[in-house]
Asks: 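Could you have a look at this structure, given as structure tokens, before my questions?
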Amino acid sequence: MAETAAPQAGTARRARARRGEAGSGTAIGVAIIFPILMLVIVSLQALIDTSRIEQAIQSTANRAARTAALCCHSTGDAAGAARASLAAAEDANAHNRILCNNDFVGDSTVVFLDVAGNEVPEAADGVVPPGGTVYVLVHCRLPPQWLGSYGLPGLAVERQAWGTASVDPYRSRSGA
């Protein structure tokens, strides 16, 4: 009985091969793997967009801190220059596909620290501390569809960055 089953199995395989069913396993494999590959591609795109957005926000914070550190003598004017730098970056970022849903300039914070680490208040008559540090904290609340262009639900889309710049310790010397 076993001897007759083996030739019948070989005959059935040859009959299927003649009917064109030999590639059906490949089609099933592609149908199973395709959704997994698409998920990997969408995830990579979301990671790339997140990285690009975070780099742009960090660059903006660093640029605003440098502007405040190099700009003016008073802390009020320097903070104003930092906010003007943030406003210019917000206008430029609208064209670079980074658009924040919050008040980008209003939600940012500019902090001046002297050499001892004490905070110098932002005032029109306050002096930017020579040798101190300027910190600019920037908040950006992104719409979820900007990350990977696919509105992934439950995705944390608030990003923040600290920009830091040192103030020249010899800026208070006169040129005379």
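Computed from a prediction, not measured in an experiment: that's the story for all the values here. Quick note: numbers below take in every heavy atom, side chains included, and nothing from hydrogens, waters or symmetry partners.
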Asks: Quick one: pull up CD1 in Ile36 and CD1 in Ile33 and give me the separation to the nearest 0.5 Å.
Replies: 7.0 Å

Asks: Restricting to side chain to side chain donor-acceptor pair (under 3.5 Å), what partner residues turn up for Gln160, sequence neighbours left out?
Replies: His139

Asks: Side chains of residues 105-113: which donor-acceptor partners sit under 3.5 Å, not counting sequence neighbours?
Replies:
{"unit_1": "Asp107", "atom_1": "OD2", "unit_2": "Asn102", "atom_2": "ND2", "d": "3.0"}
{"unit_1": "Ser108", "atom_1": "OG", "unit_2": "Val105", "atom_2": "O", "d": "2.6"}

Asks: Assess whether side-chain contact (heavy atoms from CB on, under 4.5 Å) is satisfied between Thr67 and Val136, documenting all intermediate values.
Replies: CA-CA 10 Å; Thr67 301; Val136 176; over 6 Å; no

Asks: Can you find a pair of side-chain heavy atoms, one from Tyr170 and one from Pro130, that are under 4.5 Å apart?
Replies: no

Asks: Under the side chain to side chain contact (heavy atoms under 4.5 Å, CB included) test, which residues partner Arg63, sequence neighbours left out?
Replies: Ser59, Thr60, Arg66, Ser85

Asks: With Thr164, which residues qualify under side chain to side chain contact (heavy atoms under 4.5 Å, CB included), at least two apart?
Replies: Thr133, Tyr135

Asks: How close do Val138 and Ala61 get, heavy atom to heavy atom, and via which atoms?
Replies: CG2-CB, 3.7 Å

Asks: Testing the basics here: between Ala82 and Ala68, what is the closest heavy-atom pair and its distance to 0.1 Å?
Replies: CB-CB, 3.9 Å

Asks: Who clusters with Val40? Use side-chain heavy atoms, under 4.5 angstrom, across I, L, V, M, F, W and Y, and order the result by chain and number.
Replies: Leu44

Asks: Determine the minimum heavy-atom distance between Ser74 and Ala123, stating which atoms define it.
Replies: CB-O, 4.3 Å

Asks: Are Val120 and Val167 linked, directly or through other ILVMFWY residues, by side chains that come within less than 4.5 angstrom of each other?
Replies: yes

Asks: Could you give all pairs that pass the salt bridge (charged side-chain N to carboxylate O under 4.0 Å, His left out) test and reach residues 73-87, with sequence neighbours left out?
Replies: Arg83-Glu122

Asks: Rounded at 0.5 Å granularity, tell me how far CD in Glu54 sits from SG in Cys140.
Replies: 10.5 Å

